[in-house]
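First the structure, in the form of structure tokens, and then the observations on it.
Quick note on labels: first sequence line is chain A, next is B, and so on, each numbered from 1. Below, each value reflects all heavy atoms present in this structure, side chains not excepted, and no hydrogens, waters or symmetry copies.
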Amino acid sequence: MNIEHLLADAIHESLRALYGQDADDKQIQLQRTKREFEGHLTLVVFPLLRLSRKKPAETAQEIGTYLQEHTELVEKFNAVNGFLNLTVAPAKWVELLDSIHANPRYGFTAPAADAPLVMIEYSSPNTNKPLHLGHVRNNLLGWSLAQILEANGNRVVKTNIVNDRGIHICKSMLAWLKYGNGETPETSGKKGDHLIGDYYVAFDQHYRAQVKDLAAQFEAQGMDAEAAKARAEKEAPLMQEAHEMLVKWEQGDPQVRALWRRMNEWVYAGFDETYQALGVSFDKIYYESDTYLEGRKQVLEGLEKGLFYRKADGSVWADLTKEGLDEKLLLRADGTSVYMTQDIGTAKMRFQDFPIDKMIYVVGNEQNYHFQVLSILLDRLGFEWGKSLVHFSYGMVELPNGKMKSREGTVVDADDLIAEMVSQARRTADEAGKFDDMDEAEKDKVARIVGMGALKYFLLKVDARKNMLFNPEESIDFNGNTGPFIQYTYARIRSVLRKAADAGIQLPATLPADVEISTKEEEIIQHVAEFAAVVRQAGQDYSPSAVASYCYDLVKEYNQFYHDFSILREADEKKKLFRLVLSANVAKVVRLGMSLLGIEMPERM
RNA sequence: GGUUCCGUAGCUCAGUUGGAUUAGAGCAACGCCCUUCUAAGGCGUGGGUCCAGGGUUCGAAUCCCUGCGGAAUCACCA
């Protein structure tokens with residue numbers, strides 16, 4: 001049962017009765033009534049004037065009168081210009097709350113066996129450095145999208161493509177061989193991904209020193225500064241060695257491969273820890289080292305079919321000028337793969353493994369062009385979902401002085417940030433005396449849930465498309481429009497429910513129909529009921545932020561109203577039960593909503 | 001230069017399938033509320049040329065055009 005649908009049906013009926021014709025569903029615009037007017041739902045009658053051929057106020061009056069006289073739904077109405085404000089009968093709100101209460105997963109649609117299969121690719125790290133704040137946004141968005149699509153009845157496969165080969169890994173390997181003393185995560189006590197990241201930085205430092213020296217030599221020989229630098233960057237011995245190592249890797253050199261495997265394992269162990277802390281996981285992981293050859297094969301097949309062409313130097317290209325784009329390189333003259341080639345190969349392997357109906361790539365907006373091209377290429381190569389692939393493009397996380405730059409040491413490390421959030425949550429709770437009656441295990445758990453809740457909500461409440469700002473100085477708040485505020489309200493409701501249970505009060509399956517409820521309470525029911533529509537809409541728009549906004553608004557509205565009430569001391573038994581059921585359903589819907597964001601809810605905090 | 005995205009309060013952000021004199025939250029500032037289910041809370045005050053200018057119409061922060069400002073991208077990097 002949904003009041004808006006019932007009302008929309010009744011309005012259709014009234015239009016037929018009054019004007020002898022009906023309107024499209026789209027012309028029935030029902031919205032929540034503005035605060036300053038009386039009523040729950042408002043019908044905008046402007047689109048209906050074509051049918052009535054009367055003035056807005058008159059039309060509104062006629063429809064309102066009809067609804068009041070012919071349905072049980074509408075108790076009263078008022079018409080302001082072209083706006084028909086409808087007040088729904090109180091009994092209907094109680095019925096609505098009952099039906100929501102009966103469904104523990106209200107708003108969620110269970111996936112059918114033949115539901116569309118959606119694959120979501122997210123995370124996709126390089127294996128040469130640890131995860132940073134940008135990756136955190138990616139991971140949380142990817143995970144949340146998967147939850148949202150599942151809640152909308154899709155079958156979802158979460159996947160990760162690990163960029164485990166290429167020149168960047170070789171740089172770390174080389175630096176480890178040249179400048180390291182054979183240290184491992186075990187001997188150094190460092191997390192594997194951080195250890196490898198340190199050597200990547202070491203490579204860069206030594207490389208830059210070499211480039212500087214070389215460029216100075218070239219300049220002394222009379223080259224201009226820019227040309228000298230460009231030549232130095234290419235000819236620096238370290239870079240040459242790295243390239244040699246990459247060639248050896250491609251040739252399958254046993255020593256290089258063994259070191260590569262060993263170091264990647266360190267990195268994966270490190271990533272797994274971070275993923276676990278973030279609460280994300282994958283159903284299927286692909287490695288670029290497995291897919292890049294397949295990509296090459298696909299491109300060569302496409303070349304034979306005449307989809308692509310070869311230049312004189314042997315390189316292979318796609319001509320995209322018909323689509324308004326440029327030419328795109330697919331294979332280098334030496335036959336090796338580029339980024340695009342690998343993505344084609346990965347797509348092929350995925351298609352072999354799963355009968356995918358829809359593919360969603362969660363990748364930063366810096367790669368918008370890449371995915372535009374990928375979509376066209378996959379379509380040309382005959383992938384059914386190629387044309388309709390979704391690039392879920394999200395904005396950068398910026399710092400007060402601009403982008404994160406590893407060279408300037410301004411990268412916000414994911415592990416550091418997580419640790420900081422959890423310990424901050426712990427400190428705040430301790431100071432507020434929240435932890436006084438908890439044992440160590442519970443303190444740890446609550447601090448983790450609240451700290452991560454703050455971080456996740458902070459990153460997910462913002463429209464994914466937009467660049468967002470993170471200020472490390474001010475860090476992340478625990479007050480106001482935050483995860484902890486929502487968690488806190490939830491914990492308070494749970495506390496009330498526990499006390500009610502202790503007092504022997506059981507929540508009834510159905511409420512007495514004659515319970516008296518206030519307008520404000522009707523509004524809260526209405527708000528709770530909107531959850532289903534919010535989940536549906538979020539599924540269509542791929543919008544975690546919409547779910548976050550909803551949870552906050554609902555919790556805030558609930559708080560404002562029930563702040564001064566003492567539900568358990570309410571003398572009227574019917575009212576008490578009603579308020580308990582309403583509170584329980586606010587808590588339920590908020591918990592479901594936050595679960596779509598990957599945010600856990602504490603029973604106490 | 002081409003393409004795409006963004007521009008809302010001092011700061012961070014909602015609000016855009018066009019809707020109702022007063023465009024909403026939070027933070028920051030100032031004031032009030034803990035003998036009543038948890039003060040990570042509630043109430044109040046101040047704070048806006050919705051980048052600018054045109055256009056479309058009953059009606060524009062929302063749609064269209066132009067300009068200004070910012071970001072990304074246009075690599076034989078991944």
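Residue A:S393 is out of contact with every strand shown, counting any heavy-atom pair closer than 4.0 Å. Within 4.0 Å (heavy atoms only), A:F478 reaches at least one base atom of the nucleic acid. At a threshold of 4.0 angstrom between heavy atoms, the contacts of A:E288 are confined to the sugar-phosphate backbone, with no base atom among them. A:D564 comes within contact range of no nucleotide atom at all, as no heavy-atom separation falls under 4.0 Å. At a threshold of 4.0 angstrom between heavy atoms, the contacts of A:M468 are confined to the sugar-phosphate backbone, with no base atom among them. Residue-level contact check: A:Q342 touches the backbone only, with heavy atoms under 4.0 Å from sugar-phosphate atoms and none from bases. Nucleic acid contact for A:R569: sugar-phosphate only, since backbone atoms but no base atoms lie under 4.0 Å from a heavy atom of the residue. Heavy atoms of A:A500 sit nowhere under 4.0 angstrom from any nucleic acid atom. The residue A:Y562 sits close to a base: some heavy atom pair falls under 4.0 Å. At a threshold of 4.0 angstrom between heavy atoms, the contacts of A:L568 include nucleobase atoms, whether or not backbone atoms are also involved. Within the 4.0 angstrom heavy-atom criterion, base atoms lie near A:K434. Contact annotation for A:R498: no contact, since no heavy-atom pair falls under 4.0 Å across all strands.
An OP1 or OP2 oxygen of B:C43 is reached within less than 4.0 angstrom by a side-chain nitrogen or oxygen of A:Q560. Between B:A78 and A:R332, a contact under 4.0 Å exists linking OP1 or OP2 to a side-chain N or O. Of the side-chain N and O atoms in A:S495, one or more sit less than 4.0 angstrom from OP1 or OP2 of B:U38. Contact between the side-chain N/O atoms of A:Y369 and the OP1/OP2 oxygens of B:U73 is not found at any separation under 4.0 Å. Using a 4.0 Å cut-off, some side-chain N or O of A:K556 falls inside it from OP1 or OP2 of B:G42. Close to B:G7, at under 4.0 Å from its OP1 or OP2, lies a side-chain N or O of A:K466. In this structure, A:K499 reaches the B:U38 phosphate: one of its side-chain N or O atoms is under 4.0 Å from OP1 or OP2.
Other residues, nucleotides and ligands contribute more than 12 heavy atoms inside 6.0 Å of the CD atom of A:Q540.
Distances were taken from every side-chain heavy atom of A:Q367 (C-beta onward) to each of B:U73, B:G41, B:A78; the shortest belongs to B:A78. For A:V80, the side-chain atoms get nearest to B:A20 when compared with the rest of B:A40, B:U38, B:A20.
The aromatic ring of A:F485 does not sit over the base of B:G41, since the test of centres under 5.5 Å and planes under 30° is not met. Stacking of the aromatic ring of A:F83 onto the base of B:A20 is found: the ring centres lie under 5.5 Å apart and the planes are inclined by under 30°.
Salt bridge present: A:E233 and A:K229 bring a charged side-chain N and a carboxylate O closer than 4.0 Å. Taking the charged nitrogens against the carboxylate oxygens, A:R604 and A:D437 do have a contact shorter than 4.0 Å, which makes a salt bridge. Look at A:R32 and A:E523 and you find no salt bridge, because none of the NZ, NE, NH1 or NH2 atoms lies under 4.0 Å from a carboxylate O. At a threshold of 4.0 Å, the pair A:R426-A:D444 counts as salt-bridged, since one of the basic side-chain nitrogens sits closer than that to a carboxylate oxygen.
No side-chain donor-acceptor contact under 3.5 Å links A:N85 to the backbone of A:F77.
Side-chain atoms of A:S549 and base atoms of B:A25 include no donor and acceptor less than 3.5 Å apart. Between the side chain of A:N479 and the base of B:C27, no donor-acceptor pair under 3.5 Å is found. Residue A:N85 places a side-chain atom within donor-acceptor reach of the base of B:A20, judged by atom type and a 3.5 Å distance cut-off alone.
Projected onto RNA chain B by closest heavy-atom contact, A:N368 and A:D477 fall at different nucleotides, the more 5' of which corresponds to A:N368. Position along RNA chain B of the nearest nucleotide to A:N559 versus A:K34 favours A:K34 as the more 5'-ward residue.
Between A:E521 and A:S518, the side chains place a donor N or O and an acceptor N or O closer than 3.5 Å (distance only, hydrogens not considered).
In textbook terms, a nucleotide whose glycosidic angle is within 90° of 0 is syn, and B:C34 is one such case.
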